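Working notes, beginning with the structure itself.
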Amino acid sequence: MNPLAEALQTKGRRVCNLDYPSTEAPVAVLVDQYLLPAIADCLQGEDSVADFVTHSLGGILVRVLAEHDDAPAIGRVVMLSPPNHGSELVDHMGGWSLFRWWNGPAGLTLGTDDSSLLARLEAPGFEAGVITGNRSLNPLFSSWIPGPDDGKVSVQSARLDGMTDFLVVPTTHTFIMRSDVVIRQVNHFLETGGFDHLTSGE
């Protein structure tokens, strides 16, 4: 996320690039023990509105954060390739020991069934822009995902009920945050509350 963070800094934004052990703890622990303290440290006691730019699981963490009693005021959120309705890869490989080790307890809650964490989350109470890709570097994974996908998340699953805007770009899941088009669109949404569809290349 560093190139994206640096691009936003050049626009005069104060940026905190938050880190968390995504494969080592459940979602609730990641929010309580890592995300909340990191955000508090970033805000430095200021009573200000925080915008977020997330990738993949990060979008789910912000949705969980928004329902937390200690959450900061959330402004605009841009989610990059979020599995808002789950991933068929979790459905297909969730029982494999290697997959469970690689993705950890948080990733294993991102299935598509009605009992998953995602099925229990509310629609966002913030302005949400979603950007997802439709290019894949893994034909095997894509064969398990219905419709266009980015190699890990389907375009349909990335959609979020109540979102403000939605954009599909020709990128893969792993590298979407490094796309010049995506970086420009992230900044546009944070500034205006929408994407620039005239120059998006859709």
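This structure is a prediction, so every number in the text was calculated from the model and none was measured.
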Could you give the distance from [atom1] ([X]) to [atom2] ([Y]), rounded to the nearest 0.5 Å?
| X | Y | atom1 | atom2 | value |
| --- | --- | --- | --- | --- |
| L118 | L160 | CG | CG | 10.0 Å |
| T171 | D180 | OG1 | CG | 11.5 Å |
| D149 | T172 | CG | OG1 | 10.5 Å |
| I183 | K11 | CD1 | NZ | 11.5 Å |

Run the side-chain donor-acceptor check on residues 129-137: report pairs under 3.5 Å with partners two or more places apart or on a different chain.
{"from": "S136", "atom 1": "OG", "to": "N138", "atom 2": "N", "distance (Å)": "3.0"}
{"from": "S136", "atom 1": "OG", "to": "N138", "atom 2": "O", "distance (Å)": "3.2"}
{"from": "S136", "atom 1": "OG", "to": "S142", "atom 2": "OG", "distance (Å)": "2.6"}

I need the minimum non-hydrogen distance between [X] and [Y], along with the two atoms involved.
| X | Y | result |
| --- | --- | --- |
| D165 | F195 | OD2-N, 2.8 Å |
| R13 | D51 | NH1-OD2, 3.3 Å |
| A38 | L18 | CB-CD2, 3.8 Å |
| A123 | D161 | CB-O, 3.7 Å |

Quick check against the 3.5 Å criterion: does [X] have a side-chain atom that pairs as donor or acceptor with the backbone of [Y]?
| X | Y | result |
| --- | --- | --- |
| S157 | G86 | yes |
| H55 | T174 | no |
| T54 | L61 | no |

Take S56 and H173, measure what side chain to side chain contact (heavy atoms under 4.5 Å, CB included) needs, and give me the verdict at the end.
CA-CA 8 Å; S56 196; H173 187 89; 3.0 Å; yes
Donor-acceptor pairs under 3.5 Å, side chain of residues 70-85 to any protein atom, not counting sequence neighbours: which ones?
{"from": "R76", "atom 1": "NE", "to": "E127", "atom 2": "OE1", "distance (Å)": "3.3"}
{"from": "R76", "atom 1": "NE", "to": "E127", "atom 2": "OE2", "distance (Å)": "3.2"}
{"from": "R76", "atom 1": "NH1", "to": "L190", "atom 2": "O", "distance (Å)": "3.0"}
{"from": "R76", "atom 1": "NH1", "to": "E191", "atom 2": "O", "distance (Å)": "3.2"}
{"from": "S81", "atom 1": "OG", "to": "D150", "atom 2": "OD2", "distance (Å)": "2.9"}
{"from": "N84", "atom 1": "OD1", "to": "R63", "atom 2": "NH1", "distance (Å)": "3.0"}
{"from": "N84", "atom 1": "ND2", "to": "A158", "atom 2": "O", "distance (Å)": "2.8"}
{"from": "H85", "atom 1": "NE2", "to": "R159", "atom 2": "O", "distance (Å)": "3.1"}

same_hphob_cluster([X], [Y]) at 4.5 Å side-chain heavy-atom cutoff:
| X | Y | value |
| --- | --- | --- |
| F175 | V186 | no |
| I176 | L4 | yes |
| V27 | V62 | yes |

Does atom CZ of R14 have more than 12 heavy-atom neighbours from other groups under 6.0 Å away?
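Enclosed: over 12 neighbouring heavy atoms sit under 6.0 Å from CZ of R14.
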Does a sphere of radius 6.0 Å around OH in Y20 hold more than 12 heavy atoms from other residues, nucleotides or ligands, not counting ones at 6.0 Å or beyond?
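Yes - once you tally the heavy atoms of other residues, nucleotides and ligands closer than 6.0 Å, there are more than 12.
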Are the side chains of [Y] and [X] in contact, using a 4.5 Å heavy-atom criterion?
| X | Y | answer |
| --- | --- | --- |
| S179 | V169 | no |
| F126 | V49 | no |
| F52 | I39 | yes |
| P146 | E88 | yes |
| M177 | V182 | no |
| H68 | L35 | no |
| F189 | T164 | yes |
| I60 | L121 | yes |

Would you sort out whether F166 and V155 count as a side chain to side chain contact (heavy atoms under 4.5 Å, CB included), showing the intermediate values?
CA-CA 10 Å; F166 184 72; V155 169; 3.9 Å; yes
